[in-house]
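One structure is given here, and the rest of the page talks about it.
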Amino acid sequence: MYANAKTSEKLALLDNIAPISQSAGTVTSGWVSAANFERFLAVLQTGVLGASATVDAKLQQATDSSGTGAKDITGKAITQIVKATGDGKQVEINLRAEELDTNNSFSYFRLSVTVGTAASLIAAVIYGDIAKNQVASALNNATVVQIV
């Protein structure tokens, strides 16, 4: 289809949870607008998990960038990752813009990651795919400092 297009022109890194040793508790990305893309991909990565640690992740939706009316998106939660099998793993959560509750004006989403029991190394990114009106990379988050 677009043989000369670079992958970085078709995908935008919209937000992230920077690599962190997350103590037991919840960390979230920022609220991402679904207005400029048709498809999204949230990627969660685990490093070494703490003793008996668990990791849960889900996508939530809201009506604005402040998180008004926040609620979970049905079917967008992972199966819990556990220490016994969870070191150095990745999980992907796909989302289509039409899966948001647009009838009730939900047009923003975020990734929520909850670490249970013990501090664990995690990181996550959210990509936008199929940009509606421009080259996707023009909408990259400010944390993207180089495209080579």
Side-chain angles (χ1 to χ4, degrees), residues 5-102 104 106-132 135-148:
K6 298 174 184 169
T7 302
S8 63
E9 294 172 339
K10 298 187 293 181
L11 292 176
L13 193 155
L14 302 177
D15 208 341
N16 69 303
I17 297 172
I20 186 173
S21 177
Q22 175 63 39
S23 60
T26 300
V27 62
T28 62
S29 69
W31 289 102
V32 175
S33 171
N36 295 314
F37 293 90
E38 294 181 24
R39 304 283 186 265
F40 304 92
L41 178 65
V43 181
L44 169 65
Q45 298 176 305
T46 64
V48 176
L49 303 182
S52 300
T54 59
V55 178
D56 293 283
K58 62 185 176 182
L59 295 180
Q60 298 177 307
Q61 59 187 326
T63 59
D64 60 34
S65 61
S66 298
T68 302
K71 65 180 183 178
D72 294 349
I73 302 173
T74 302
K76 300 301 174 181
I78 68 167
T79 300
Q80 187 175 71
I81 298 171
V82 297
K83 170 62 180 171
T85 57
D87 288 355
K89 303 298 184 197
Q90 295 81 41
V91 178
E92 298 178 337
I93 306 172
N94 285 286
L95 177 68
R96 295 186 321 268
E98 62 264 22
E99 292 177 297
L100 296 175
D101 183 6
T102 54
N104 291 306
F106 285 80
S107 58
Y108 288 80
F109 71 95
R110 73 177 178 187
L111 176 64
S112 175
V113 180
T114 302
V115 172
T117 309
S120 298
L121 300 175
I122 63 164
V125 292
I126 298 173
Y127 293 104
D129 184 28
I130 310 176
K132 293 182 180 177
V135 173
S137 58
L139 299 167
N140 275 334
N141 186 287
T143 59
V144 177
V145 297
Q146 292 185 35
I147 298 175
V148 180

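One-based numbering along the sequence shown. Because only heavy atoms are used, hydrogens play no part in the values below, and waters and symmetry mates are left out as well, while side chains stay in.
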- Query: If every non-hydrogen atom of Leu44 is compared with every non-hydrogen atom of Ala57, which pair is closest and at what distance?
  - Reply: CD2-CB, 3.8 Å

- Looking only at heavy atoms, which two atoms of Ala24 and Gly116 are closest? And how far apart? CB-C, 4.4 Å

- Message: Given 3.5 Å as the limit, does a donor-acceptor pair link the side chain of Asp129 with the main chain of Leu11, or not?
- Response: no

- Are any of the side-chain heavy atoms of Arg110 and Ser29 separated by less than 4.5 Å? yes

- Message: Can you confirm whether Leu41 sits close enough to Leu95 that some side-chain heavy atom of one is under 4.5 Å from a side-chain heavy atom of the other?
- Response: no

- Query: Are any of the side-chain heavy atoms of Asp56 and Gln80 separated by less than 4.5 Å?
  - Reply: yes

- Item | Residue of the set Arg96, Lys10, Glu38 for which side chain to side chain contact (heavy atoms under 4.5 Å, CB included) holds with Ile130 | Glu38

- 4.5 Å side-chain heavy-atom contact, Lys71 and Asp101: yes

- Item | Taking every non-hydrogen atom, the tightest pair across Leu100 and Ala34 | CD1-CB, 3.5 Å

- Message: Ignoring hydrogens, what is the shortest heavy-atom contact between Ala12 and Asn140? Give both atom names and the distance.
- Response: CA-OD1, 3.2 Å

- Item | Asn94 backbone acceptor or donor facing Lys76 side chain under 3.5 Å | yes

- side chain to side chain contact (heavy atoms under 4.5 Å, CB included) between Val55 and Lys83, intermediate numbers included: CA-CA 9 Å; Val55 178; Lys83 170 62 180 171; over 6 Å; no

- Task: Verify, without hydrogens or angle tests, whether Ser120 (side chain) and Ala118 (backbone) share a donor-acceptor contact under 3.5 angstrom.
- Result: yes

- Item | Nearest-0.5 Å distance that lies between atom OG1 in Thr102 and atom CD in Gln61 | 9.0 Å

- Student check: side-chain heavy atoms of Ile122 and Ile20 closer than 4.5 Å: yes

- Message: What's the separation between atom CZ in Phe106 and atom CD in Glu99, rounded to the nearest 0.5 Å?
- Response: 15.0 Å

- Item | Side-chain heavy atoms of Phe37 within contact of Leu14, under 4.5 Å | yes

- Roughly how far, to the nearest 0.5 Å, is CD of Glu92 from CD1 of Ile78? 12.0 Å

- Under 3.5 Å, side chain of Lys58 to main-chain N/O of Ser112, donor-acceptor pair present? no

- Taking all atoms of both residues into account, what is the closest heavy-atom pair of Ala124 and Leu111, and its distance? CB-CD2, 3.5 Å

- Check: Thr63 side chain, Gly69 main-chain N or O, donor-acceptor pair, under 3.5 Å: no

- Without swapping roles, check the side chain of Thr114 against the backbone of Thr26 for a donor-acceptor pair under 3.5 Å. no

- Check for a donor-acceptor pair, side chain of Asn36 on one end and backbone N or O of Ala131 on the other, with a separation under 3.5 Å. no

- Message: Main chain of Ile147, side chain of Ser8: is a donor-acceptor contact present, judged purely on distance under 3.5 Å?
- Response: no

- Pairwise side-chain contact, Phe40 with Leu59, heavy-atom cut-off 4.5 Å (strictly under): no

- What are the two closest heavy atoms between Leu121 and Leu49, and how far apart are they? O-CD2, 4.3 Å

